[in-house]
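First listed ligand is number 1; within each ligand, the first listed atom is number 1. In this chain, residues are counted from 1 in sequence order.
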Amino acid sequence: MANDLLVQGRECGECTVCCVNLTINDPELEKLPGVKCPHMIERGGCKIYSSRPKTCKDWYCMWRFMPGLDDSWRPDLKGIVIKRVFDNIPAGYENKIALEFEVIGSRKVIHNVDFINTLGGYIAAGFPCFLSYGKPRTATTMVFLNELLIGAVSSQDLSLIRDKLSLAYKKCVKTPKDKIRIEDGEIKIIPAGKR
Ligand code: SF4
Ligand code: SF4
């Protein structure tokens, strides 16, 4: 997303989620997902801000671009980071921006009414949405939510939405994760079960 689409006046503040969450494979820095960057300042900020790698300069989570999300959606506060998805969008959904809701804190967030209302709004509007969960040094497992939830969203059945989100979350957590390594300057995905 182009930086001129960032929400005006919105800043990262004390959030450092992407300094842990991102995979970085730049000449200045190699870092695996779920691993704290050594340059991170705990309460927000970067010790090498002016010379930070290109990946850091270019990347923002979707909260920085979505004016409809209020300040409670800052990833460290909400426990969810929203990322844009570019690959493996299911057929029929390719024309809209795809959103990954990655749980990074307590699983309770998937039952949060604000989260459900927001997610339900995007699903009702046809935006492809995924729930995801990762572990350090692994790829996230994503579950496509639209077809799972559209009936419950249409009937505004909160209890059914919660049940289905719980199933999706369990699947995200229990599915074996592909490992990520950086070797010789290349990101390598090691399929789950292989070393
Ligand atoms: S270099 Fe700075 S901006 Fe990039 S991940 Fe590390 S702390 Fe964050
Ligand atoms: S996750 Fe989003 S809000 Fe948090 S530091 Fe990164 S870009 Fe900023």
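Shortest contact from atom 8 (Fe) of ligand 2 to any protein heavy atom: Cys12 SG, 2.3 Å. Scanning the protein for heavy atoms near atom 6 (Fe) of ligand 2, the closest one is Cys18 SG, 2.4 Å.
For Pro75, every heavy-atom contact with ligand 2 shorter than 4.0 Å involves the side chain, none the backbone.
The closest side-chain donor-acceptor pair between Lys171 and Thr141, if any, does not fall under 3.5 angstrom. Using modelled atom types and a 3.5 Å distance limit, the side chains of Thr140 and Glu100 yield a donor-acceptor pair.
Heavy atoms only, all atoms of each residue included: Ser166 and His111 are closest at OG-NE2, 2.9 Å. Closest non-hydrogen pair, Leu131 versus Ile110, comes out as CD1-CG2, 4.2 Å.
Close approach of ligand 1 to Pro53 (heavy-atom distance below 4.0 Å) involves ligand atoms 1 (S). Of all atoms in ligand 2, numbered sequentially from 1 with element shown, those under 4.0 Å from a heavy atom of Trp63 are 3 (S). Listed by number with element, the atoms of ligand 1 under 4.0 angstrom from any heavy atom of Ile24 are 5 (S). The distance from ligand 1 to the heavy atoms of Cys37 drops below 4.0 Å at these ligand atoms: 1 (S), 5 (S), 6 (Fe), 7 (S). Per-residue contacts place Cys56 under 4.0 angstrom from the following atoms of ligand 1 (heavy atoms of the residue considered): 1 (S), 3 (S), 4 (Fe), 5 (S).
Distances from atom 2 (Fe) of ligand 2 to the heavy atoms of Gly44, Cys19, Cys61 show the closest one on Cys61.
Note on ring orientation: taking the six-membered ring where Trp is involved, the planes of Tyr169 and Tyr133 are perpendicular (angle over 60°, cut-offs 30° and 60°).
For residue Cys15, an N/O/S atom approaches atom 4 (Fe) of ligand 2 to within less than 2.8 Å.
Within 6.0 Å of the NZ atom in Lys96, the count of heavy atoms belonging to other residues, nucleotides or ligands exceeds 12. A 6.0 Å sphere centred on NZ of Lys135 holds no more than 12 heavy atoms belonging to other residues, nucleotides or ligands.
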